[in-house]
Amino acid sequence: MASPTTLDAGLKPVTPSGGKTFFGHPRGLATLFMTETWERFSFYGMRALLVLYMTASTAHGGLGMKVALATAIYSVYNAMVYLLALPGGWIADRFLGARKTVAVGGAIIMIGHFLLAVPFEGSFFVGLVFIAVGSGLLKANISTMVGHLYDGPNDPRRDGGFTIFYMGINLGAFAAPLVIGTVGQSVDWHLGFALAGIGMALGLGQYLLGSRHLSPQSSVVASPISDSERTALLRKAGLWLALAVVFYGVVVLSGHFTINWAVWPLSIAGIAIPVVVFTRIKRDKDLSPTDHSKIRGYIWFFVVAAVFWMIYDQSGSTLSVFADQNTKLSILGASFPSSWFQSLNPLYIMALAPVFAWLWVWLSRRAKNPSTTMKFAVGLLLIGASFLVMMLAMAAAAGGHKVTPLWLALVYLVQTVGELALSPVGLSVTTKLAPAKYASQMMGIWFLAVTAGDCVAAIIQLGLGNATGSTWYFASQGVAAIIAGIALVMYRKNVIRLMGDVH
């Protein structure tokens, strides 16, 4: 049992001298670390099977979908996970507090995975909705709760705590395809999905048991909604829900409904919402000219990030199909399931993240640390290069030839290096360029770059149909990303000028 804690005026926990800790950190970090490890285990395990299950023939227990539709559904699903992080944070701030919201989100995720385990197509899609909603609730708040464990932003343990938490994410992501992927592909798809549900159940159980170690601040509802606001919200939500029910009811009853009626509107919405958000911010007269300039600079980074995630998030869709259909699944005589390739990215991250952290410090001491703009450009150039490698791999697989797994090992390595150049820097520049009025919202806006990128990918996949995953498919996106990276390098001085005093 954890030792008692004392509270300061801000409800921040202060661990008494000699109290039990987790590697020198507040005991609650262990609870959040394990919750996130199990949640990522369930999420990435299910994700490793998702497209493979949808494209597998009905004779092999799958849904028998075409690759283009399956990858588009995957892209939209991934986009909705990040989009729903925005309302997830809002629900915690206005209704439940972070602690309860994470518990509710974990329960919804668990139910979603078990719905996938039911061998019924309708249950499968309902399960995806549950997982997306639950992930939005959990993802938006669990990182915030890590921050609540420390005595303000200047607590010297804070950065180390987030590093440990980040390792939990990658441990779960690394183990999931090895366990869930193997069972799903080698034994039964639905048993694999059930294992993901069991993983989330374990995470939720230990979260509830260990929640006494969390900061009391995590239970606080920061800005409780008033009765009048609640009434207006319910009325508006009810109206939109009724319209959606009527519209789709007509489509279903008329016999015209297909999954495209869900995929296309969500894809368009995922692109339109960021446009609306930035338009609203740009029209805000309360912002100073300096703030408006920084937002214009930030839009460059947002668009670049969207292009990056458009390609990067296909690791579980088009690359997964390539692994299953075009790659030799053996090394030195030892065979393995194609889903195991999904463990490469977290493995590379755990190996390379400390190297990059050291590299930036080493370069900074020598006044040679690249600017944020150049790091983004490097990330974009590398993600583009990864798809050019995929173009060569696809060409090598022409005529039904199975290529060496080293092709995909190289692709994932290049993508991971690009991610480490762009993603952590993106989080940092988001906080630096955020106007004070939107400080708490900008991290959610950063996640919208993932939503926009994935939705663009879905539209491309639906539009190209049978060409999805072809040599031309990889080449066109790779070249587009490289051109965008070169453009960012050419215009970097303009972007740096818009950033003002932020470097």
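Everything quoted here is computed from the prediction, not taken from an experiment.
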*Got a second to check how far Asn326's CG is from Met390's CE, nearest 0.5 Å?*
8.0 Å
*Parallel, tilted or perpendicular for Phe341 and Phe336, by the 30°/60° rule?*
perpendicular
*asked:* Do Phe41 and Leu202 make a side-chain contact, defined as non-hydrogen atoms from C-beta onward lying under 4.5 Å apart?
replied: no
*Whether Ser330 side chain and Gly333 backbone form a donor-acceptor pair below 3.5 Å*: no
*Check for a donor-acceptor pair, side chain of Tyr248 on one end and backbone N or O of Trp261 on the other, with a separation under 3.5 Å.*
yes
*Calculate, to the nearest 0.5 Å, the distance between atoms CG and CG belonging to Leu234 and Leu241 respectively.*
11.5 Å
*Taking atom types as modelled, find out whether Thr318 and Gln314 have a side-chain donor-acceptor pair closer than 3.5 angstrom.*
yes
_In this structure, is the centre-to-centre distance between the rings of Phe165 and Phe33 below 6.0 Å?_
no
_Spacing of Tyr74 atom OH and Asp313 atom CG [to the nearest 0.5 Å]_ = 6.0 Å
_With heavy-atom distances below 4.5 Å as the criterion, would you say the side chains of Phe193 and Val118 are in contact?_
no
*Do Phe95 and Trp90 have their ring centres less than 6.0 Å from each other?*
yes
*Ser317: partners by side chain to side chain donor-acceptor pair (under 3.5 Å), with sequence neighbours left out*: none
*Check: His60 main-chain N/O paired with Trp189 side-chain donor or acceptor under 3.5 Å*: yes
*With side-chain contact (heavy atoms from CB on, under 4.5 Å) as the test, would you mind laying out the steps for Leu63 and Glu121 before giving the verdict?*
CA-CA 8 Å; Leu63 297 182; Glu121 186 171 339; 4.2 Å; yes
*asked:* Please find the pair of heavy atoms, one from Ala421 and one from Val378, that lie closest to each other, and give the distance.
replied: CB-CG1, 4.3 Å
_Side-chain touch Ile311/Gln415, heavy atoms, less than 4.5 angstrom_ = yes
*Please round to the nearest 0.5 Å and tell me the distance separating atom CE of Met110 and atom CZ of Phe130.*
11.0 Å
*Heavy atoms, side chains only, cut-off 4.5 Å: are Leu116 and Leu49 in contact?*
no
*asked:* Can a donor-acceptor pair be found, under 3.5 Å and without considering hydrogens, that links the side chain of Gln206 to the backbone of Gly203?
replied: yes
*Which atom of His148 lies closest to which atom of Ser218, heavy atoms considered*: ND1-OG, 2.9 Å
*Cation-pi between Lys139 and Phe43: NZ/CZ under 6.0 Å from ring centre and within 45° of the ring axis?*
no
*Go through Tyr207 and Thr31 one step at a time and tell me if the side-chain contact (heavy atoms from CB on, under 4.5 Å) criterion holds.*
CA-CA 6 Å; Tyr207 175 79; Thr31 297; 4.1 Å; yes
*cation_pi(Lys375, Trp360) dist<6.0 Å, angle<=45*: yes
*Does one side chain, of Asp93 or Ser223, offer a donor that lies under 3.5 Å from an acceptor on the other?*
no
*Taking the side chain from Ser215 and the backbone from Leu149, do they hold a donor-acceptor pair closer than 3.5 Å?*
no
*Taking side chain as C-beta onward, heavy atoms only, is Met80 less than 4.5 Å from Leu266?*
yes
_Using the ring centroid of each side chain, check whether Phe124 and Tyr53 are separated by less than 6.0 Å._
yes
*Return the minimal non-hydrogen interatomic distance between Thr71 and Thr468, and the atom names on each side.*
OG1-CG2, 3.8 Å
*Hey, does Asp454 have a side-chain heavy atom less than 4.5 Å from the side chain of Val76?*
no
*Could you check Leu347 against Asn170 for side-chain contact (heavy atoms from CB on, under 4.5 Å), going step by step and ending with a plain yes or no?*
CA-CA 7 Å; Leu347 178 64; Asn170 287 288; over 6 Å; no
*Do Tyr473 and Gln461 have a side chain donor and acceptor closer than 3.5 Å?*
yes
*Describe, in one word, how the ring planes of Phe308 and Tyr312 are oriented to each other, choosing from parallel (under 30°), tilted (30 to 60°) and perpendicular (over 60°).*
parallel
*Heavy-atom pair with the smallest gap, counting every atom of Phe474 and Gly469*: CE1-O, 3.3 Å
*Heavy atoms, side chains only, cut-off 4.5 Å: are Asn345 and Glu419 in contact?*
yes
*CZ of Phe125 to CZ of Phe120: how many Å apart, nearest 0.5 Å?*
11.0 Å
*Which distance, rounded to the nearest 0.5 Å, do you find between the CG of Leu422 and the CZ of Phe376?*
4.5 Å
*Heavy-atom side-chain contact between Lys402 and Thr327 under 4.5 Å*: no
*Please confirm whether the backbone N or O of Gly184 pairs with a side-chain atom of Asp188, one donor and one acceptor, at under 3.5 Å?*
no
*Is there a donor-acceptor contact under 3.5 Å from the side chain of Tyr348 to the main chain of Ala409?*
yes
*Exam field: side chain Ser42 to backbone Gly199, donor-acceptor pair closer than 3.5 Å*: no
*Does NZ belonging to Lys66 count more than 12 external heavy atoms closer than 6.0 Å?*
no
*asked:* Taking the six-membered ring of Tyr44 as reference, does the cationic atom of Arg47 (NZ for Lys, CZ for Arg) lie under 6.0 Å from its centre and within 45° of its axis?
replied: no
*asked:* If we ignore hydrogens and angles and just use 3.5 Å, is the side chain of Ser186 paired with the main-chain N or O of Val183 as donor and acceptor?
replied: no
*Under 3.5 Å, is there a donor-acceptor pair between the Gln185 and Ser338 side chains?*
yes
*Given side-chain contact (heavy atoms from CB on, under 4.5 Å), test Arg94 with Val221 step by step and report yes or no.*
CA-CA 6 Å; Arg94 305 302 304 275; Val221 180; 5.5 Å; no
_Using modelled atom types and a 3.5 Å cut-off, is there a donor and acceptor pairing between side-chain atoms of Ser135 and backbone atoms of Ala132?_
no
*asked:* When you compare the side chains of Gln342 and Tyr412, does any donor N or O come within less than 3.5 Å of an acceptor on the partner?
replied: yes
*asked:* Can you give me the closest heavy-atom contact between Arg99 and Arg212, atom names plus distance?
replied: NH2-N, 4.2 Å
*asked:* Could you report the tightest heavy-atom contact between Thr182 and Ser339, atom names first, then the distance?
replied: N-OG, 4.1 Å
